[in-house]
2 protein chains.
Amino acid sequence: MLTSECICTHLRRAARGVSRHYDEALEGFGINVAQFSLLRHVRRLDQPSISSLAEAMGLDRSTLGRNVKVLEAEGLLALAEGNDLRNRLVILTEQGKARVLAAEPAWEAAQRSLVDNLGEAQRDELVRLLEQLA
Amino acid sequence: MLTSECICTHLRRAARGVSRHYDEALEGFGINVAQFSLLRHVRRLDQPSISSLAEAMGLDRSTLGRNVKVLEAEGLLALAEGNDLRNRLVILTEQGKARVLAAEPAWEAAQRSLVDNLGEAQRDELVRLLEQLA
DNA sequence: GGCGGATGCGGGTATATACACCTATTCATG
DNA sequence: CATGAATAGGTGTATATACCCGCATCCGCC
């Protein structure tokens with residue numbers, strides 16, 4: 001009976017499995033799906049602060065700071081000082097932009113194979129439900 | 001446009017957020033939702049091996065072994081030898097059973113507040129979609 | 001009975017994630 | 001302007017997660 005099933009457990013399991021699917025597709029580009037997502041968020045938000053980026057991604061600030069550090073060491077992200085002496089801006093380097101562009105077709109293939117298996121209507125429904133959860 | 005959104009990112013974000021919701025509810029019981037789920041799986045499967053438990057949960061074997069170790073140190077799980085000298089059985093201790101029982105009402109409250117916000121039809125739809133992804 | 005593949009696990013290493021706490025800076029307000 | 005609250009980050013610690021590799025054991029087959 002559905003009532004006895006933990007929705008959170010289902011979500012976590014699905015997130016793990018789907019992450020593996022995308023990670024497999026991204027193999028060879030030197031980034032995993034979490035990093036791919038982080039890079040794309042930075043590209044979209046254009047020099048966000050650590051906090052605003054964390055907020056946008058629904059991540060703890062400290063988590064995001066550490067994730068950024070990994071990509072900074074790879075030369076894909078850089079940190080610059082903002083107006084405020086407190087905050088720092090996350091910047092997508094040229095190398096970072098190139099890496100995202102290079103990986104995007106593989107990401108798209110992974111996404112497509114998933115949507116093929118789901119159908120577009122169910123994909124939309126899934127995304128809608130996930131957004132409602134957040 | 002939905003096509004440009006990463007389903008995996010959505011899933012991961014939702015999993016994080018919902019996990020936080022359940023973790024909050026489980027605060028005070030000394031376990032988080034991942035551990036709660038692990039304990040319940042052990043209870044349901046009744047002395048599974050590490051591998052079969054990992055398989056059932058969609059987790060890597062080594063991950064599961066480490067997660068078990070944490071709960072073993074807390075006295076909630078124990079490891080026994082199976083028929084085979086290779087495999088080990090994961091056992092829910094009396095303390096572990098008691099902990100799950102104690103935490104279950106809090107888990108249920110968290111689940112209920114989530115379902116209240118979602119509606120039962122959408123809950124069923126969500127679970128169905130998540131299972132289809134796995 | 002021995003040998004090669006299969007199976008079950010643990011450990012090394014790395015990233016992802018969160019919370020609690022600390023520091024530095026900024027801001028609001030008296 | 002001084003002081004306390006609010007804000008931005010970093011660090012310490014702990015768990016979650018995965019992949020790779022190595023070791024022990026088992027099993028099928030000759």
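First the proteins, then the strands, lettered A, B, ... as listed; each starts at 1.
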(message) I need the CD-C1' distance between B:Glu81 and C:dG8, as an integer number of Å.
(response) 13 Å
(message) Is there a side-chain contact between B:Leu59 and B:Asn67 in this structure, where contact means two heavy atoms from C-beta onward sitting under 4.5 Å apart?
(response) yes
(request) Figure out the CZ/P separation between B:Arg16 and C:dC19, and round it to whole Å. (result) 12 Å
(request) Using whole Å, report how far CG of A:Asp60 lies from P of C:dA18. (result) 6 Å
(message) What I want to find out is whether A:Glu94 reaches A:Lys97 closely enough, with some N-O distance under 4.0 Å, to be called a salt bridge.
(response) yes
(message) Here's a test of your reading of the structure: between B:Asn67 and A:Asp84, which maps to the more 5' nucleotide of DNA chain D?
(response) A:Asp84
(message) What's the closest nucleotide to the side chain of A:Thr63 if the choices are C:dT17, C:dG8, C:dG10?
(response) C:dT17
(request) Mind calculating the distance between CZ (B:Arg20) and P (C:dT17) to the nearest angstrom? (result) 10 Å
(message) When you measure from the side chain of B:Gln111 to the backbone of A:Glu5, do you find a donor-acceptor pair of N or O atoms at a distance under 3.5 Å?
(response) yes
(message) Using whole Å, what does the distance between atom C1' of nucleotide C:dA18 and atom CG of B:Leu26 come to?
(response) 15 Å
(request) Could you tell me whether B:Ser49 contacts a base, only the sugar-phosphate backbone, or nothing, with contacts defined as non-hydrogen atoms closer than 4.0 Å? (result) sugar-phosphate
(message) So, taking the atom named CE in A:Met57 and the one named CG in A:Leu64, what distance separates them when rounded to the nearest 0.5 Å?
(response) 6.5 Å
(request) May I have the distance from B:Glu24 (atom CD) to C:dC19 (atom P), rounded to whole angstrom? (result) 8 Å
(message) From C-beta outward on B:Arg86, which listed nucleotide comes closest to its side chain: C:dA18, C:dG11, C:dG8?
(response) C:dG8
(request) Check every strand shown and say whether A:Leu64 touches a base, only sugar-phosphate, or nothing at a heavy-atom separation below 4.0 Å. (result) nothing
(message) Using whole Å, what does the distance between atom C1' of nucleotide C:dA18 and atom CZ of A:Arg66 come to?
(response) 9 Å
(request) By nearest nucleotide on DNA chain C, pick out whichever of B:Arg61 and A:Ser62 is the more 5' one. (result) B:Arg61
(message) With heavy atoms of chain B within less than 4.0 Å as the criterion, where does contact along DNA chain D begin and end?
(response) D:dT15 to D:dC26
(request) For B:Asp23, report the nucleic acid contact type (base, sugar-phosphate, nothing); a contact means any heavy atom under 4.0 Å. (result) nothing
(request) Keeping the roles fixed (side chain from B:Arg13, backbone from A:Glu131), state whether a donor-acceptor pair exists under 3.5 Å. (result) no
(message) Which is more 5' along DNA chain C, the nucleotide nearest B:Leu79 or the one nearest B:Arg12? Just name the residue.
(response) B:Leu79
(message) Taking the nucleotide of DNA chain D with the nearest heavy atom to each, does B:Asn83 or B:Glu74 sit closer to the 5' end?
(response) B:Glu74
(request) Would you mind checking if A:Glu125 and A:Arg128 are paired as a salt bridge, meaning a charged N to carboxylate O distance below 4.0 Å? (result) yes
(request) Can you see which heavy atom on A:Val18 is nearest to which on B:Leu11, and at what distance? (result) CG2-CD1, 3.5 Å
